[in-house]
Amino acid sequence: MKMGSIQPKLIIHGGAGSSLKGKAGAEAVRQSLYAVVTEVYGLLLTGADAKAAVVRGCQMLEDDPRFNAGTGSVLQSDGQIRMSAALMDGLSQRFSGVINAARVKNPIELAEFLQNSDDRVLSDIGALELMRELQLPYYDPLTKLRLQEWILEREGNFDKAMAGVVAERELVSEAGRGTIGVVALDAYGKLVAGTSTGGKGFERIGRVSDSAMPAGNYANAQAAISCTGIGEHIIEECLAARIVIRTTDGMPFSEAIARSFQEAQTRQRDFGAIGIDATGTIGWGKTSEVLLAAYHDGGKMADTLDMGSGLQTDWRSSTGDF
Ligand code: GLY
């Protein structure tokens, strides 16, 4: 296939977790996700590189206070916000990211800068130093809802395992998981994955998320995956790399996802993942109640919000014939 002749594909997520409360909740999330898919797929159609498209999608999701990344990130046990983000270019197979970065508006921009650095993963103070070097202004990603959530949890002595997946009390049931992610295949055939998170919420200082590890965000020339859910579970399954490597070794992408999620279910894992392979197949899976994902397959835009509860995997082929 000649360069630039491939039909671009895009899938994004805004977390996975407990069910959204009612139709109004699902509709609000759907609108947020569709706004991102519309803009980012438009970029891909005009020939944008997958990396630029993924960074733009992550920025938009980080800027939406509804999701647990950038503005709207959850607070850790000490009341501070520390965010993690990663970017992986499938063509160069290059991973970069930041772990527990504070006071930055868009952690994905630090990950983007580090793509061209010898030192590609920085943690807390290193990320702060990089911000200073890049002359990025300090930014407070705290929202009133996330602060209220932390104060309530503090009163309850942090007995909840994680903060809510979506920062709107009326839209979600209590427990939840959140993170954002974008996976794109551009018109030149390049796959890129990006993931950004505020973490689990209420966690110990220094706890490291899966999102800035190959377990949570991984890509090569054959496939790209972004994960969301309980980071410890994602790390223990090495989920993103597991699906990508299975695909690389010849397993059909849809089967690589299905098998990895079936295995995860036997170990009571709680997470979701989205991805695309080199043939243009878009896939996703979850063991949690809901996966907040939306995609564009070249033919139309759709989402995963109405999938049944519990273990589910699905895919759309490159021809869009579903
Ligand atoms: N998956 C996000 C986290 O556990 O930090």
Side-chain angles (χ1 to χ4, degrees), residues 12-18 58 61-62 64 66-78 80-88 95 97-102 104 107-108 110-111 121 123-124 127 141 146 149-150 153 158 160-167 172 175-183 193-218 225-243 260-261 264 267-275 284-293:
I12 69 170
H13 70 74
S18 303
C58 288
L61 290 161
E62 287 174 340
D64 188 333
R66 176 168 281 136
F67 303 115
N68 174 22
T71 304
S73 284
V74 296
L75 281 64
Q76 298 192 339
S77 57
D78 62 346
Q80 298 298 308
I81 292 175
R82 299 180 185 89
M83 300 159 286
S84 300
L87 190 61
M88 188 151 188
F95 182 99
V98 287
I99 295 170
N100 286 325
V104 61
I108 196 70
L110 299 179
V121 184
S123 66
D124 45 47
R146 289 303 191 189
E149 186 180 59
W150 183 83
E153 271 306 297
F158 300 113
K160 199 188 284 177
M162 286 185 81
V165 63
V166 174
V172 288
R177 328 277 172 242
T179 283
I180 65 93
V182 179
V183 179
T195 306
S196 183
T197 189
K200 274 200 300 194
F202 324 129
E203 62 266 70
R204 277 174 180 265
I205 303 166
R207 181 258 182 187
V208 175
S209 164
D210 62 288
S211 300
M213 291 187 192
N217 188 82
Y218 197 75
I225 293 282
S226 167
C227 301
T228 173
I230 297 184
E232 284 70 9
H233 291 188
I234 295 166
I235 293 165
E236 286 156 4
E237 294 294 319
C238 204
L239 186 64
R242 186 187 196 98
I243 296 169
S260 302
F261 273 87
R267 290 184 277 271
Q268 290 86 48
R269 304 307 198 187
D270 188 351
F271 52 48
I274 59 167
W284 59 90
K286 66 172 184 67
T287 52
S288 48
E289 276 183 50
V290 288
L291 173 65
L292 312 182

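In listed order, ligands and their atoms are each counted from 1.
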K.L.:
Quick check against the 3.5 Å criterion: does Glu62 have a side-chain atom that pairs as donor or acceptor with the backbone of Ile108?
P.N.:
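Such a contact is found between Glu62 side chain and Ile108 backbone.
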
K.L.:
If you measure only the distance, is there a donor-acceptor pair under 3.5 Å linking the side chains of Ser84 and Ser211?
P.N.:
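Not at all, the side chains of Ser84 and Ser211 share no donor-acceptor pair under 3.5 Å.
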
K.L.:
Can you confirm, on distance only, whether ligand 1 has an N/O atom lying under 3.5 Å from any N/O atom belonging to Glu232?
P.N.:
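Min N/O separation from ligand 1 is not below 3.5 Å for Glu232.
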
K.L.:
Report, in ascending order of atom number, the atoms of ligand 1 lying under 4.0 Å from any heavy atom of Lys200.
P.N.:
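Once the distances to Lys200 are compared, the set is 4 (O), 5 (O).
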
K.L.:
With atoms numbered from 1 as shown, which atoms in ligand 1 lie under 4.0 angstrom from a non-hydrogen atom of Asp210?
P.N.:
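Selected atoms, number and element: 1 (N), 2 (C), 3 (C), 4 (O), 5 (O).
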
K.L.:
Could you tell me which atoms of ligand 1, counted from 1 in the order shown, lie closer than 4.0 angstrom to a heavy atom of Thr179?
P.N.:
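In order of numbering, the contacting atoms are 1 (N), 2 (C).
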
K.L.:
Using a 3.5 Å cut-off on N or O atoms only, is Gly229 in polar contact with ligand 1?
P.N.:
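Yes, since at least one N or O of Gly229 sits under 3.5 Å from an N or O of ligand 1.
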
K.L.:
Could you give me the CA-CA distance, side-chain angles and deciding distance for Glu203 and Arg82, then say whether salt bridge (charged side-chain N to carboxylate O under 4.0 Å, His left out) is met?
P.N.:
CA-CA 10 Å; Glu203 62 266 70; Arg82 299 180 185 89; over 6 Å; no

K.L.:
Would Ser209 count as being in polar contact with ligand 1, using the rule that some N or O on each side must be under 3.5 angstrom apart?
P.N.:
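Yes, Ser209 has an N/O under 3.5 Å of an N/O on ligand 1.
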
K.L.:
Hey, does Ile230 come in under 3.5 Å of ligand 1, counting only N/O atoms on both sides?
P.N.:
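It does not: no N or O of Ile230 is found under 3.5 Å from an N or O of ligand 1.
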
K.L.:
Does Thr228 come within less than 4.0 Å of ligand 1, judged by its heavy atoms?
P.N.:
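Thr228: no contact with ligand 1 (<4.0 Å).
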
K.L.:
Identify, by atom number and element, the atoms of ligand 1 in contact range of Thr197, meaning under 4.0 Å from any of its heavy atoms.
P.N.:
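Within the 4.0 Å cut-off of Thr197, ligand 1 contributes 2 (C).
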
K.L.:
May I ask you to list the atoms of ligand 1 that are less than 4.0 angstrom from any heavy atom of Gly199?
P.N.:
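Those of ligand 1 that fall under 4.0 Å from Gly199 are 5 (O).
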
K.L.:
Taking Trp150 for its side chain and Gln76 for its backbone only, find out whether a donor-acceptor pair lies under 3.5 Å.
P.N.:
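It does hold such a pair.
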
K.L.:
With no hydrogens and no angle check, is any side-chain donor or acceptor of Asp210 less than 3.5 Å from a backbone partner on Ile230?
P.N.:
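Judged by distance alone, no pair lies under 3.5 Å.
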
K.L.:
Check each heavy atom of His233 against ligand 1 and say whether those closer than 4.0 Å belong to the side chain, the backbone, both or neither.
P.N.:
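Near ligand 1, His233 shows nothing, with every heavy atom at 4.0 Å or more.
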
K.L.:
Which residues satisfy the salt bridge (charged side-chain N to carboxylate O under 4.0 Å, His left out) test with Arg267, sequence neighbours excluded?
P.N.:
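Once residues adjacent in sequence are excluded, the partners of Arg267 under the salt bridge (charged side-chain N to carboxylate O under 4.0 Å, His left out) criterion are Glu237.
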
K.L.:
Just by distance, do the side chain of Asn217 and the backbone of Ala193 share a donor-acceptor pair under 3.5 Å?
P.N.:
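Pair found, side chain donor or acceptor close to backbone of Ala193.
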
K.L.:
Using the side-chain contact (heavy atoms from CB on, under 4.5 Å) criterion, which residues pair with Ser73? Sequence neighbours excluded.
P.N.:
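Counting only residues at least two positions away or on another chain, Ser73 forms a side-chain contact (heavy atoms from CB on, under 4.5 Å) with Asn68, Ile81, Met83.
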
